[in-house]
*Asks:* 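Below you'll find the structure I mean.
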Amino acid sequence: MNEEIEPILIGEVDDIEVGSVENFEYEDINYSIFRLDSGFFATQGNCPCAERTLLSEADVEGEEVECPSCGNTFSIVSGDPISDLELDTLKIYDVTEEDGNLYLNL
Ligand code: FES
């Protein structure tokens, strides 16, 4: 069954600098919105380990995000863990741009 997906307005494209990440909270759930050279990406907002660290406090290195608590790295594009393959993959969400606005498609 296909349900119609309603895009959620995140904000304006210019709200996020290239090479950075911002947290976006929607219905009490955090999402990390990344702006890379190659475009916008979204992952779950908290790291997948028990610490639940906010990834928006992390450093962005190219297409990788480095957990600010432990230093583990993940691919922002695929969500795959890079430094510790035992960690769970980050959930990935679709971000679209329209008329200067950014939308999260859950
Ligand atoms: S503290 Fe959770 S991955 Fe680093």
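Both ligands and their constituent atoms are indexed starting at 1 by order of listing. Predicted model only: the values in this text are computed from it and were never measured.
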*Asks:* I need the atoms of ligand 1 closer than 4.0 Å to a non-hydrogen atom of C47, numbered in the order shown.
*Replies:* 1 (S), 2 (Fe), 3 (S)

*Asks:* Judged by atom type as modelled, is there a donor-acceptor pair below 3.5 Å linking the side chain of Q44 to the main-chain atoms of N46?
*Replies:* yes

*Asks:* For ligand 1, which atoms sit closer than 4.0 Å to a heavy atom of S69?
*Replies:*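 In order of numbering, the contacting atoms are 1 (S).
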
*Asks:* Closer than 4.0 Å to some heavy atom of E51 - which atoms of ligand 1 meet that?
*Replies:* 1 (S)

*Asks:* Are Y31 and Y26 an aromatic pair by the rule of ring centers under 6.0 Å?
*Replies:* no

*Asks:* Side chains of D80 and S75: do they bring a donor and an acceptor to under 3.5 Å?
*Replies:*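 The criterion, which ignores hydrogens and geometry beyond distance, is not satisfied for S75 and D80.
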
*Asks:* Can you measure from CD1 (I8) to CG (L104) and round to the nearest 0.5 angstrom?
*Replies:*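 I8 atom CD1 to L104 atom CG measures 5.0 Å (nearest 0.5 Å).
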
*Asks:* Got an N, O or S from C67 under 2.8 Å of atom 2 (Fe) of ligand 1?
*Replies:*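 Not a single backbone or side-chain N, O or S atom of C67 is under 2.8 Å from atom 2 (Fe) of ligand 1.
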
*Asks:* Any atoms of ligand 1 less than 4.0 Å from a non-hydrogen atom of C49? List them with their elements.
*Replies:*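 Counting atoms of ligand 1 from 1, those under 4.0 Å from C49 are 1 (S), 2 (Fe), 3 (S).
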
*Asks:* Between T96 and N105, do the side chains contain an N or O donor and an N or O acceptor separated by less than 3.5 Å?
*Replies:*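 There is such a pair between these side chains.
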
*Asks:* Which atoms from ligand 1 have a heavy atom of T53 less than 4.0 Å away?
*Replies:*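 The list of qualifying atoms is 1 (S).
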
*Asks:* Flag yes if more than 12 heavy atoms outside E25 fall under 6.0 Å of its CD atom; otherwise flag no.
*Replies:*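 Yes, enclosed.
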
*Asks:* Between C70 and ligand 1, which part of the residue brings a heavy atom under 4.0 Å of the ligand: side chain, backbone, both or neither?
*Replies:* both

